[in-house]
Amino acid sequence: MEMNNKLPLKFFQKDVHSTARNLLGKYFVRKIKGKILSGKIVEVEAYHKNNDESSHSFNGKTKRNEIMFWGGGYLYIYFTYGMHFCANVVTGKLNEGAAILLRSLEPIEGLDIMAMNRYNKSIINEIEKRNLTNGPAKICRAFDIKRNENGTLLTGDKIFILNAPKISSNNIEVTTRIGIKKSIDLPWRYYIKDNPFVSKK
DNA sequence: CCACGGATTGGCT
DNA sequence: GCCAATCCGTGGA
């Protein structure tokens, strides 16, 4: 895959909803130990400090969520349920408190390494491939992303996002978000219509 | 200091 | 479909 078309900082420094839509179809990439892991972004959710009680940033800045206030272009990693990590792309301006949760990827490169990270074996069947990165915690497990990666700048050379053609609105499905108990009616989940790697319809 | 529960997953029924 | 696993951020005393 061509590696010279990284998304620039200004891509991330815009409105969280347009950026969420724009992230669909792009390639999330991690270089680790000389290898490339990558996946096409097929499902995301927007979170924002304002009017969104489910957002980690809703009650203001804390040590845990401070990356959400650093402005667009950083990776915000949080730990949940005592065993899982999830990855967010921070968007907008300084102190805006906006981020996009990566909910599902279509695995593209480094499937053998992802399979080791997820299943402790390098050869997998079609069902296992389907389940490799189709959930927010599965993505972090497959890409070996943990607390260390919190605050990583996405324009660096370790973790970044490659540009790809924009997905047209016709091909984007918009729904309420999954797995939350507050602000459950906000239609802030975006996914690529008919992509088999989307976590849930 | 302590209690609560979560932007989840996978295994078992 | 249901539920256990397992940590730590958060908020109240």
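Note: hydrogens, waters and symmetry copies are ignored here, and every other heavy atom, side chains too, is used. Here is how names work: the chains are called A, B, and so on, in the same order as the sequence lines, proteins then strands, and each is numbered from 1.
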Query raised in the report: What pattern of brackets, bars and dots sums up DNA chain C from 5' to 3', given Watson-Crick or G-U wobble pairs under 3.5 Å, [ ] for crossing pairs and | for another strand?
Result: |||||.||||||.

Throw together a table of side-chain donor-acceptor distances under 3.5 angstrom for residues 84-92 of chain A, partners on residues two or more places apart or in other chains.
| from | atom 1 | to | atom 2 | distance (Å) |
| --- | --- | --- | --- | --- |
| A:Asn88 | ND2 | A:Tyr76 | O | 3.3 |

Query raised in the report: Which comes earlier along DNA chain B counting from the 5' end, the contact point of A:Ala87 or that of A:Asn131, where each point is its nearest nucleotide?
Result: A:Ala87

Report task. Between C:dC8 and B:dG10, how far apart are the C1' atoms? Round to whole Å, please. Result -> 22 Å

Query raised in the report: What are the 5'-most and 3'-most nucleotides of DNA chain B lying under 4.0 Å from any heavy atom of chain A?
Result: B:dG6 to B:dG10

Find every protein N or O atom lying less than 3.5 Å from an N or O atom of nucleotides 4-7 of chain C, and list the pairs.
| from | atom 1 | to | atom 2 | distance (Å) |
| --- | --- | --- | --- | --- |
| C:dT6 | O2 | A:Tyr81 | O | 2.5 |
| C:dC7 | O4' | A:Gly82 | O | 3.1 |

Query raised in the report: Given C:dG9, is OP1 or OP2 found less than 4.0 Å from the side-chain N or O atoms of A:Thr62?
Result: no

Query - Ionic contact status for A:Arg189 with A:Glu43, cut-off 4.0 Å - result: yes

Report task. Verify the ring-centre separation between A:Phe143 and A:Phe28: is it less than 6.0 angstrom? Result -> yes

Report task. Walk me through it: do A:Val44 and A:Leu24 pass the test side chain to side chain contact (heavy atoms under 4.5 Å, CB included)? Result -> CA-CA 8 Å; A:Val44 297; A:Leu24 295 174; 4.2 Å; yes

Report task. Using the P atom as the reference point in each nucleotide, state the distance between B:dC2 and C:dT6 in Å, no decimals. Result -> 23 Å

Query - Greater than 12 external heavy atoms within 6.0 Å of A:Arg141's CZ - result: no

Query raised in the report: Among residues 97-124 of chain A, which contact DNA chain B at a heavy-atom distance under 4.0 Å?
Result: A:Leu101, A:Arg103, A:Arg118

List the atom pairs, donor and acceptor, that lie under 3.5 Å between side-chain atoms in residues 106-116 of chain A and the rest of the protein, sequence neighbours left out.
| from | atom 1 | to | atom 2 | distance (Å) |
| --- | --- | --- | --- | --- |
| A:Glu106 | OE1 | A:Asn195 | ND2 | 3.1 |
| A:Glu109 | OE1 | A:Ser38 | OG | 2.9 |

Query raised in the report: Thinking salt bridges, do A:Glu128 and A:Lys121 make one under a 4.0 Å N-O criterion?
Result: yes

Query raised in the report: Distance under 6.0 Å and angle within 45° of the ring axis: does A:Arg64 meet both against A:Phe79?
Result: no

